[in-house]
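The structure presented is a predicted model; accordingly, all values stated were derived computationally and were not measured. Chain letters run A, B, ... following the sequence lines, proteins first and then strands; every chain starts at 1. Keep in mind that the numbers below use all heavy atoms, side chains included, and drop hydrogens, waters and symmetry copies.
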Amino acid sequence: MLRCQGAPRPARAQAGRSDPVTCADMPAASHVTRFAPSPTGALHLGNARTAFFNDLAARASGGRMVLRIEDTDAERSDDALLVKLLEDLRWLGLEWAEGPDVGGVHGPYRQSERGTYYARAIDSLEAQGRVYPCFCSPEELRLSRKAQLAAGRPPRYAGTCAALPAAEAARRVAAGARPALRFRVPAGKAIEFDDLIHGPQRFASDDIGDFVIRRADGSVAFFLGNAVDDAEMGITLVLRGDDHLANTPRQVMLLEALAMPVPRYGHLPLLLGPSGAPLSKREGAASLGDLRAQGYLPGALRNYLVRLGHACPAGGWLETGEMAKHFDLGRSSKSAAHFDEAQLRHWQREAVTHATEAELLEWLSGRLERVGDPGRRSAFVAAVRGNLLFPADVEPLVAIVCDAAIALDDDAGREVSAAGPAFFEQALDAWRVHAPDFKSWTRAVGGTTARKGAALYMPLRAALTGHTHGPELAPLVALMGSERVAERIAAAGARAAAGG
RNA sequence: GCUCCCAUCGUCUAGAGGCCUAGGACACAGCCCUCUCAAGGCUGGUACGAGGGUUCGAAUCCCUCUGGGAGCGCCA
């Protein structure tokens with residue numbers, strides 16, 4: 001029942017041709033996916049991609065995504081982190097149909113509030129004799145693992161408490177012991193499932209030790225909570241990191257013992273940092289919040305992510321609404337991908353060029369006050385947007401338009417000196433006649449100085465902006481105002497005359 | 001150690017036995033365009049981890065090795 005028949009090739013191959021997730025015992029349908037983070041740290045790019053792919057897979061199939069919070073580790077879970085998590089996901093542009101903040105019929109959406117579901121599942125397992133209390137201390141377990149490793153054996157639970165008589169267990173509990181609860185893994189069984197990305201998988205139950213489903217403190221462990229919630233919430237497709245692949249048989253066993261539906265699984269390859277190690281907090285500025293703080297736009301992240309570990313058939317910039325059309329799980333890669341900031345930067349450039357004026361104003365908010373009223377800000381943004389990659393890039397440009405005086409950089413200084421005082425005198429005279437018309441001004445200066453092209457514009461650019469490169473001059477000049485232009489040309493003339 | 005996953009330019013990838021003297025994108029270099037930068041256009045270099053098979057023919061299928069990763073937690 002766990003195996004999808006009728007798929008002659010692995011899911012990957014099949015998926016590219018037809019419906020990505022059609023198989024015999026599960027008719028083509030829209031998918032209910034989920035993202036189930038634990039609020040124990042900042043969302044890094046790898047998790048963000050997993051969330052994004054779940055969103056895309058749901059949209060591409062006309063389904064929906066559920067957001068569930070796995071906060072069973074009370075020690076490490078933090079509400080402030082949860083708020084930040086939701087904010088980051090929204091910022092990225094993800095949408096969930098059900099979740100802690102939007103509600104839904106399968107709630108509650110925080111595992112810390114779903115105790116009754118787990119209790120019911122555990123009752124069922126107990127009634128079937130599939131679980132047993134384990135009194136081993138963490139220290140004993142650590143020693144046991146160490147000993148097994150030293151003996152060249154897999155560090156699995158040794159089964160110390162597996163055969164403990166019920167009476168003995170009861171006696172220990174009465175004496176105050178707090179046992180964990182372990183799932184009794186059946187011997188000699190094969191667990192099979194068809195991974196959407198990796199194809200058919202087969203594991204031997206004998207390779208899996210009895211694992212904890214409820215901790216000594218009564219909280220539910222990952223394997224149980226995660227699997228039960230997926231079933232209770234009607235999740236049909238579990239897209240998660242590769243690191244869960246070898247854990248999946250545990251959840252399949254649990255679900256089978258509980259007679260609950262087993263979802264389809266798809267294990268996404270991990271994201272590696274520049275050093276080649278899997279992405280983590282240690283890998284530097286790879287958290288979504290950091291990237292956002294650096295000024296990356298959400299569209300840049302999305303366009304980058306949709307191509308990271310996924311062969312997106314569309315080459316160019318994709319708007320948010322178009323992405324699902326180009327998403328196909330069957331075109332997901334099986335091997336790990338490296339985070340490459342150069343590529344992210346490329347999409348950032350694209351994001352800036354495709355951003356609306358309103359988005360840019362929001363992105364630059366706080367840095368445009370000096371530019372003036374909305375009309376001027378709008379003109380300014382239009383003039384400089386081609387030269388921006390990050391919000392901070394706008395500050396020197398604001399200075400060009402707003403500062404009373406500007407400093408020339410070395411190259412600009414050389415340009416001004418080379419042009420000589422006479423050039424600026426003529427430029428100033430022409431400006432008095434033609435201001436504020438940039439075009440007729442430069443035409444006039446070109447005529448009287450017999451200069452054209454770079455020889456004409458470069459000294460003007462240097463004098464006016466202090467740099468030898470930057471945005472197109474005409475709109476900048478319009479924003480500066482006649483007075484300022486005259487002052488700067490005069491200043492450049494003085495500097496050239498001083499023999500710089 | 002055991003189990004599992006993965007392996008094409010520096011990076012992201014195309015590739016389903018002949019369409020591959022391996023294609024695209026990013027990055028890099030050069031040229032063109034241009035008042036500069038950016039954008040755009042053109043050109044260039046760089047890859048099938050190794051060894052064995054199977055086949056008339058292998059990047060593609062099989063095996064071994066190597067390399068990388070994950071799991072084996074009262075983390076998720």
Side-chain angles (χ1 to χ4, degrees), chain A residues 9 12-13 16-17 36-38 40 70-73 75-77 111 134 136-138 141-142 145 148-157 178-182 195 197-198 201-204 206-209 211-217 219 221-223 225-226 240-250 267 269-270 272 274 276-278 304 307-313 315-316 331 333-347 349-350 352-353 385-389 411 415 442 452-462 465 467-474:
Chain A
R9 306 184 64 89
R12 168 190 166 72
R17 308 279 127 154
S38 55
T40 55
E70 309 221 327
D71 56 354
T72 60
D73 184 356
E75 285 285 300
R76 300 198 300 144
S77 294
Q111 289 193 323
C134 172
C136 298
S137 72
L141 295 171
R142 194 183 63 81
R145 268 194 296 274
Q148 291 180 78
L149 240 18
R153 295 202 315 275
R156 286 201 288 272
Y157 179 61
R178 307 292 313 275
L181 204 59
R182 281 185 193 271
D195 191 274
I197 291 166
H198 293 279
Q201 303 292 313
R202 183 189 174 93
F203 292 85
D206 292 341
D207 289 332
I208 301 170
F211 54 92
V212 170
I213 60 165
R214 189 180 64 200
R215 306 186 185 102
D217 68 3
S219 65
F222 167 76
F223 293 119
N226 185 269
R240 63 206 328 189
D242 244 355
D243 48 342
H244 289 289
L245 185 57
N247 284 154
T248 303
R250 276 170 249 264
H267 288 92
L270 259 21
L272 271 25
Y304 177 49
R307 293 164 171 98
L308 226 205
H310 175 251
C312 179
R331 299 191 71 83
S333 161
K334 291 199 275 192
S335 48
H338 295 78
F339 169 62
D340 178 11
E341 193 162 1
Q343 271 168 79
L344 211 208
R345 230 178 279 122
H346 167 256
W347 291 111
R349 194 174 296 290
E350 291 284 309
V352 174
T353 79
R385 60 184 294 155
N387 289 69
L388 305 177
L389 200 52
D411 287 341
E415 283 293 339
T442 52
K452 59 178 181 179
L456 167 64
Y457 287 95
M458 197 48 85
L460 294 178
R461 168 177 295 283
T465 70
H467 302 281
T468 52
H469 57 80
E472 206 188 325
L473 227 32

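- Here, B/G45 and B/C9 have their C1' atoms 10 Å apart, quoted to the whole Å.
- A/Arg240 has its CZ atom 19 Å from the P atom of B/C4, to the nearest Å.
- Between A/Phe339 and A/Leu344 there is a side-chain heavy-atom pair separated by less than 4.5 Å.
- Remark: B/C2 base-pairs with B/G71. Criterion, Watson-Crick or G-U wobble with two distances under 3.5 Å.
- Comparing the P positions of B/A50 and B/A22 gives a spacing of 16 Å, expressed to the nearest Å.
- A gap of 33 Å separates the C1' atoms of B/C48 and B/G40, to the nearest Å.
- Put simply, CZ on A/Arg331 is 17 Å from P on B/C12, counting in whole angstrom units.
- Rounded to whole Å, the distance from NZ on A/Lys334 to P on B/C4 is 16 Å.
- Nucleotides B/C62 and B/U21 have their C1' atoms positioned 27 Å apart, rounded to a whole Å.
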* To do: List the steps, then state whether side-chain contact (heavy atoms from CB on, under 4.5 Å) holds for A/Asp217 with A/Arg178.
  => CA-CA 7 Å; A/Asp217 68 3; A/Arg178 307 292 313 275; 5.8 Å; no
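- B/G17 and B/C56: their C1' atoms are spaced 12 Å apart (whole Å).
- Nucleotides B/C31 and B/C12, compared at atom P, are 30 Å apart to the nearest Å.
- Distance noted for atom P between B/G15 and B/G71: 29 Å (whole Å).
- A/Trp347 and A/Gly315 make their closest contact through CH2-O, 3.6 Å (heavy atoms, listed as atom of the first residue, atom of the second, distance).
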What does the list of N/O pairs under 3.5 Å between the protein and nucleotides 72-76 of chain B look like, with a distance for each?
{"residue": "B/G73", "atom": "OP1", "partner": "A/Pro155", "partner atom": "O", "Å": "2.4"}
{"residue": "B/C74", "atom": "O2", "partner": "A/Ala216", "partner atom": "N", "Å": "3.0"}
{"residue": "B/C74", "atom": "N4", "partner": "A/Cys136", "partner atom": "O", "Å": "2.9"}
{"residue": "B/C75", "atom": "OP2", "partner": "A/Arg215", "partner atom": "NE", "Å": "3.3"}
{"residue": "B/C75", "atom": "O3'", "partner": "A/Arg215", "partner atom": "NH2", "Å": "3.3"}
{"residue": "B/C75", "atom": "O2'", "partner": "A/Arg76", "partner atom": "NH2", "Å": "2.4"}
{"residue": "B/A76", "atom": "OP1", "partner": "A/Thr72", "partner atom": "OG1", "Å": "2.8"}
{"residue": "B/A76", "atom": "OP1", "partner": "A/Asp73", "partner atom": "N", "Å": "3.2"}
{"residue": "B/A76", "atom": "OP1", "partner": "A/Arg215", "partner atom": "NH2", "Å": "2.3"}
{"residue": "B/A76", "atom": "OP2", "partner": "A/Arg215", "partner atom": "NH2", "Å": "2.1"}
{"residue": "B/A76", "atom": "O3'", "partner": "A/Glu70", "partner atom": "OE1", "Å": "3.2"}
{"residue": "B/A76", "atom": "N1", "partner": "A/Asn247", "partner atom": "OD1", "Å": "3.4"}

Give every pair of a protein N or O atom and an N or O atom of nucleotides 25-33 of chain B that lie under 3.5 Å apart, one pair per line with the distance.
none

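- Within the 4.5 Å cutoff, side-chain heavy atoms of A/Thr72 are placed close to those of A/Arg215.
- Within the 4.0 Å cut-off from OP1 or OP2 of B/U3, not a single side-chain nitrogen or oxygen of A/Arg153 is found.
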Polar-atom pairs under 3.5 Å, protein N or O versus N or O of nucleotides 34-37 of chain B: list them with distances, or write none.
{"residue": "B/C35", "atom": "O2", "partner": "A/Arg461", "partner atom": "NE", "Å": "3.3"}
{"residue": "B/C35", "atom": "O2", "partner": "A/Arg461", "partner atom": "NH2", "Å": "3.1"}
{"residue": "B/C35", "atom": "N3", "partner": "A/Arg461", "partner atom": "NH2", "Å": "3.4"}
{"residue": "B/U36", "atom": "O2'", "partner": "A/Thr468", "partner atom": "O", "Å": "2.9"}
{"residue": "B/U36", "atom": "O2", "partner": "A/Gly470", "partner atom": "N", "Å": "2.5"}
{"residue": "B/U36", "atom": "O2", "partner": "A/Gly470", "partner atom": "O", "Å": "2.9"}
{"residue": "B/U36", "atom": "N3", "partner": "A/Arg461", "partner atom": "NH2", "Å": "3.1"}
{"residue": "B/U36", "atom": "N3", "partner": "A/Gly470", "partner atom": "O", "Å": "2.6"}
{"residue": "B/C37", "atom": "O2", "partner": "A/Asn387", "partner atom": "ND2", "Å": "2.8"}

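- Counting heavy atoms from C-beta outward, A/His244 and A/Asn226 have side chains that stay 4.5 Å or more apart.
- Side chains of A/Thr465 and A/Arg461: no donor on one and acceptor on the other come within 3.5 Å.
- Along RNA chain B, the nucleotide closest to A/Leu270 and the one closest to A/Cys312 are compared, and the more 5′ of them pairs with A/Cys312.
- When all heavy atoms of A/Glu415 and A/Ala462 are compared, the pair lying nearest together is CB-CB, 3.8 Å.
- Every residue was checked against the salt bridge (charged side-chain N to carboxylate O under 4.0 Å, His left out) condition with A/Glu350, not counting sequence neighbours, and none meets it.
- Put simply, the side chain of A/Asp73 does not reach to within 4.5 Å of the side chain of A/Phe222, judged on heavy atoms.
- Nucleotides B/U8 and B/A59, compared at atom C1', are 7 Å apart to the nearest Å.
- Pairing for B/A7 goes to B/U66, judged as Watson-Crick or G-U wobble with the two contacts each under 3.5 Å.
- Following rounding to the nearest Å, A/His467 (NE2) and B/A38 (P) show an atom-to-atom distance of 16 Å.
- Every residue meeting the salt bridge (charged side-chain N to carboxylate O under 4.0 Å, His left out) condition with A/Asp411, not counting sequence neighbours, appears here in chain and number order: A/Arg414.
- Here the P atom of nucleotide B/C4 and the CG atom of A/Asp206 are 13 Å apart, to the nearest Å.
- With contacts defined as side-chain heavy-atom distances shorter than 4.5 Å, the pair A/Lys334/A/Asp242 does not qualify.
- Across all non-hydrogen atoms, the minimal contact from A/Tyr457 to A/Leu473 is O-CD2, 4.1 Å.
- For A/Arg385, there are no salt bridge (charged side-chain N to carboxylate O under 4.0 Å, His left out) partners, not counting sequence neighbours.
- For B/C20, there is no paired base (Watson-Crick or G-U wobble, both distances below 3.5 Å).
- When side chains are defined from C-beta on, A/Thr248 does not count as touching A/Gln201, because their heavy atoms never get closer than 4.5 Å.
- Here the P atom of nucleotide B/U13 and the CZ atom of A/Arg307 are 12 Å apart, to the nearest Å.
- Under the Watson-Crick or G-U wobble criterion, with both distances below 3.5 Å, B/A47 has no partner in any strand shown.
- Searching all strands for a Watson-Crick or G-U wobble partner of B/A59 with both distances below 3.5 Å returns nothing.
- Residue A/Gln201 has a polar side-chain atom (N or O) positioned under 4.0 Å from OP1 or OP2 of B/C5.
- Regarding A/Arg385, its CZ atom lies at a distance of 18 Å from the P atom of B/A38, rounded to whole Å.
- For the pair A/Leu272 CG and B/C12 C1', the interatomic distance rounds to 13 Å; values are reported in whole Å.
- Pairing for B/A38 is absent, with no Watson-Crick or G-U wobble pair whose two atom distances lie under 3.5 Å.
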